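Please read all numbers here as calculations on a predicted model, not as lab measurements. Letters A, B, ... are given to chains in the order of the sequence lines, protein chains preceding strands, and every chain is numbered from 1.
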Amino acid sequence: MQIPLSTSMIKRARNGNLQAIREIYERWHVQVYRYLLYRTGDHAAAEDITSEVFLKVLNALPDFEIKHPHNEEQSLKAWIFQIARHTLIDHFRKNDRRKTVALSEHLPMESAPLEQFVEQGLTIERLKSALMKLPEDQRETLILRFILGFPISETAATMQRSEDSIKGLQRRALQALRISLAHLE
Amino acid sequence: MNHPDEIFQHLMAALESGEPLENVLARVPKDQSELAKEIKLAAQIRQLPHPNPEASYSFRSLKQLEGAIMNTTQHRSAPENRKKTGLFPAFAISAVLILAIFSIGIVGGWLLMRGMAANTAIVKSLNGTIEAGTMSRPGEWHALKQGAKIHSGDQVRTGTQSTAIIEFSDGSQAILGPQSFVVFDTIEDQADEINVTMTQKLGRSSHRVVPFLDNLGTYIVDTPSGTASVKGTEFSVDVFDTGTSRFAVDRGEVLVTGSSQEVRVSAGQVTDVDPGEEPESPTYQFSLQGSIGEKNPTNWMIAGLRIEISAETYILGNPVIGDQVYVSGRILGDDLWLADQIVPVGGEAISNITGVVEEIGSPYWQISGVTFLVTEDTLVSEGVENETPVKVIFSILDTGEWLALSITSLKEESIEPEPTATPELTPDPNADPSLSLVPDELVAEACTSPASVTGKLVNMAEEPDDYAAGVVLGSIVESNPGLVNRVKIVPNRWERIDPGEEVVFKVGVEFSPAWIDAVQGTEVKIQVFVAQEINRPDHLPGRLTITFTKNCVATPTPTGTQITETPTATPETTLTPTPTVEITPTPEKETTCTGANPHPTGTTLALRYGVPYEEIMGWFCQGFGFGEIDLAYSLSLQSGVPVDQIFAMKSSGMGWGNIKKALAPKTPPEKKPKPTKKK
């Protein structure tokens, strides 16, 4: 039943209209939270950063420029998730987070045993744990593409990459995730 | 497309567009079997129930954001400051948090003192399917029942043929029409006022907002294309599939905002706002009933008036020349009347338009380009002169002339903030008012909370100088105070009440949760009294005792033409200010007399007057026209006389002009000259 966010709503949000900003929050705060949850693996941190993201969105809205006039909503969504990405990077910097290790470089690549592990059933906890072991770009691609359901174009816009690179990245990420899931067992 | 990345994306796109996984997997090339594993894993990830933030977090976070919005708005009004502060500074976030905590403390303590469940609205009544959900749990809906509470963040949707009346703590009401979707963003009690903000995404709603006495309250209806903000008025909002919003005002004034600009829409006016656009200039509305004289592709002649038809005009059935129809629409300019809907009807032709008085003559008046016959029987409200916006209720005579039954001024309160300072009143020792609460006892039945009755305070003094000043009403719960959360009197203060003048007030009672479990027949007694009058503070009048008796047994409903109330032509006997009895007439043959189901005009009137759709159609099926039903409810609201009594008067043979005259308030007794001052 969700109707597209209208141009006027976006204009009103830029003008500081309370209702329009609420609409933006209501529309995307759950997705921003999930993005941050799977990237940090920490529920409390995800909530805190989500609040911070929307305060930044609020403050930066007057400067928001619609890059895709034919799809204002997509422009705004990509812009909000870019703010979420940058806020998360700041968060990692402040917390001196250790870099993740590319699993594919360290795990055995035998495919036969992997099947049974992956087929055992995917749960939120297993997914979260497995994702945390992936490189940032792969993890982010999986979150945007398959958890949040972004199309290739929106994923590319959010990550500021080409669509072709996302197409390659999403496969590599899935392959790495299968290995990561198997390694959890 | 031989590259595995491309093939994978192609297959994923098919999966994302809804193609079954099995079908997608069957299309994986044999030499690319690894892709199947990747696709399966992607599908598994997509289907997981990914976590949501806690509902309490979502609400807190939204409140924090709202606090920041207010802060940022202030910054935006001072651009120099904003440049210096840069991105939202940490100290500002801290300030918002501290303020929020401080506010929660104060409001929480205040609520504790009041002992009531604040910040909620209640489903006063509903018909059909009404469901609620929350913003933080999209897609999860549950059925609402009468008496259910609505909180900030709740969203409500109505099914076809379904309506709901949502009542706020001050008695203001939002009436949701069929197939509507409204998000209640904020429901807050603030002092004696409310702060309500809702977003209407689809459908139709109608609103009756109790005037805010101290201008602290807010009532805002937002839509995808515009926003209405009011301080006490009656208006309706339509959100069409195209995203266009229509704001129509019945009483008072509404501020409508589009992309950036705003317009004031006065009583009787309507404005449309298209997505991304500014509000159109407000126009006046009309609704009239008459026979079709001509039918052309772009206009019809109805009741002797040429009315334009557009692609958006809703026409029920296929009325032919000679048929009686009810048409409502907008007056876009001289000789340009545009129909929004045309529906076949029966009953006596009573019509109304809103417009501006252009010329007052004898016996003809010119109002919005239309000539009305005004006779000595026409009821003209005080203050009507040239340029006054008015509502005219009229009937069309056999001669084709439009006979005005009443001309009512629509000049009402402005939404400009009233001066908040109470004027300093000086007692007048020569004034000897005689205030009286009339009657001194009222009895009402109530099932759900809140309930209300209407009382009168009359200055019985006859001498012109014996006015009352600085009058304030108070109340106390005399029996079963544990069943009452609060009592609110609206209005509860008057600067001056002249001799012979009577003022009407509404006493609203919000019952406590214990009321739900109270047995049938349980009584709550409330005393209303004059707490202050400064000219004769030593001579305060008696009390009004209001008894609410719990009765959750359905009220018998009249059916067919059977009207149990004896019609009377002597309004004095019907004007006893007893509480209005809710009567829901049941249509005799629901499907044979209503035509469309739901009937669009029936829905409009049900929303306008906040009564069930079935009640309106019950009168319609008894043979009353929509114009008559509109008029009867309007008169009932103005006079306080139950609507069934008004219909009974009509059934007894009285004409609408005489009924209106009979229900008109009595003028104060003529002030006699006062030879000498008393005292």
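For the pairing with A/Lys167, the side chain to side chain contact (heavy atoms under 4.5 Å, CB included) check across B/His3, B/His10, B/Glu6 returns one residue only, B/Glu6.
Side-chain contact between A/Val30 and B/Pro53: present, with at least one pair of heavy atoms (C-beta onward) separated by less than 4.5 Å. Looking at heavy atoms from C-beta onward, B/His50 lies in side-chain contact with A/Leu127 at the 4.5 angstrom threshold. For the pair A/Arg171/B/Met12, no side-chain contact is recorded, criterion being any heavy-atom separation below 4.5 Å from C-beta on. Side-chain contact between A/Asp164 and B/Asp5: absent, with no pair of heavy atoms (C-beta onward) separated by less than 4.5 Å. Residues A/Thr123 and B/Leu48 are not in side-chain contact: their nearest non-hydrogen atoms beyond the backbone lie 4.5 Å or more apart. Looking at A/Glu23 and B/Asp185, their side chains never come closer than 4.5 Å, going by heavy atoms from C-beta outward. The side-chain heavy atoms of A/Glu163 and B/Gln9, taken from C-beta on, include no pair separated by under 4.5 Å. Looking at heavy atoms from C-beta onward, A/Arg22 lies in side-chain contact with B/Thr186 at the 4.5 angstrom threshold.
Separation of atoms CD (B/Gln44) and CG (A/Leu177) is listed at 10.0 Å; rounding is to 0.5 Å.
A salt bridge links A/Arg178 with B/Glu34: the closest approach of a Lys/Arg side-chain nitrogen to an acidic carboxylate oxygen falls below 4.0 angstrom. A salt bridge links B/Glu16 with A/Arg145: the distance from a Lys NZ or Arg NE/NH1/NH2 to an Asp or Glu carboxylate oxygen falls below 4.0 Å.
Of the listed residues (B/Thr199, B/Val273, B/Asp222), the one with the most heavy-atom contacts under 4.5 Å to chain A is B/Asp222. For the set B/Ala42, B/Ala43, B/Gly258, B/Pro49, the count of heavy-atom pairs under 4.5 angstrom toward chain A peaks at B/Ala42. Across B/Asp274, B/Thr223, B/Ile45, the residue that shares the most heavy-atom pairs under 4.5 angstrom with chain A is B/Ile45.
Contact annotation for A/Ile147: both backbone and side-chain heavy atoms come within less than 4.5 Å of a heavy atom of chain B. Looking at B/Glu38, both its backbone and its side chain come within 4.5 Å of chain A, counting heavy atoms on both sides. For a residue to count as touching a neighbouring chain, one of its non-hydrogen atoms must lie under 4.5 Å from one of that chain's; by this rule B/Thr227 touches chain A with backbone and side chain alike. Looking at A/Phe54, the atoms closer than 4.5 Å to chain B (heavy atoms on both sides) sit in the backbone and in the side chain alike. With a threshold of 4.5 angstrom between heavy atoms, B/Ile39 does not approach chain A through any atom at all.
Applying the ring-ring contact (aromatic ring centres under 6.0 Å, His included) criterion to A/Tyr33, with sequence neighbours excluded, gives A/His43. For B/Glu19, the salt bridge (charged side-chain N to carboxylate O under 4.0 Å, His left out) test picks out B/Arg27, with sequence neighbours left out.
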Take A/Leu174 and B/Phe8 through the side-chain contact (heavy atoms from CB on, under 4.5 Å) test and state the conclusion after the steps. CA-CA 11 Å; A/Leu174 282 169; B/Phe8 174 83; 3.2 Å; yes

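Listed here is the closest heavy atom pair of A/Leu37 and B/Pro51: CD2-CG, 3.6 Å.
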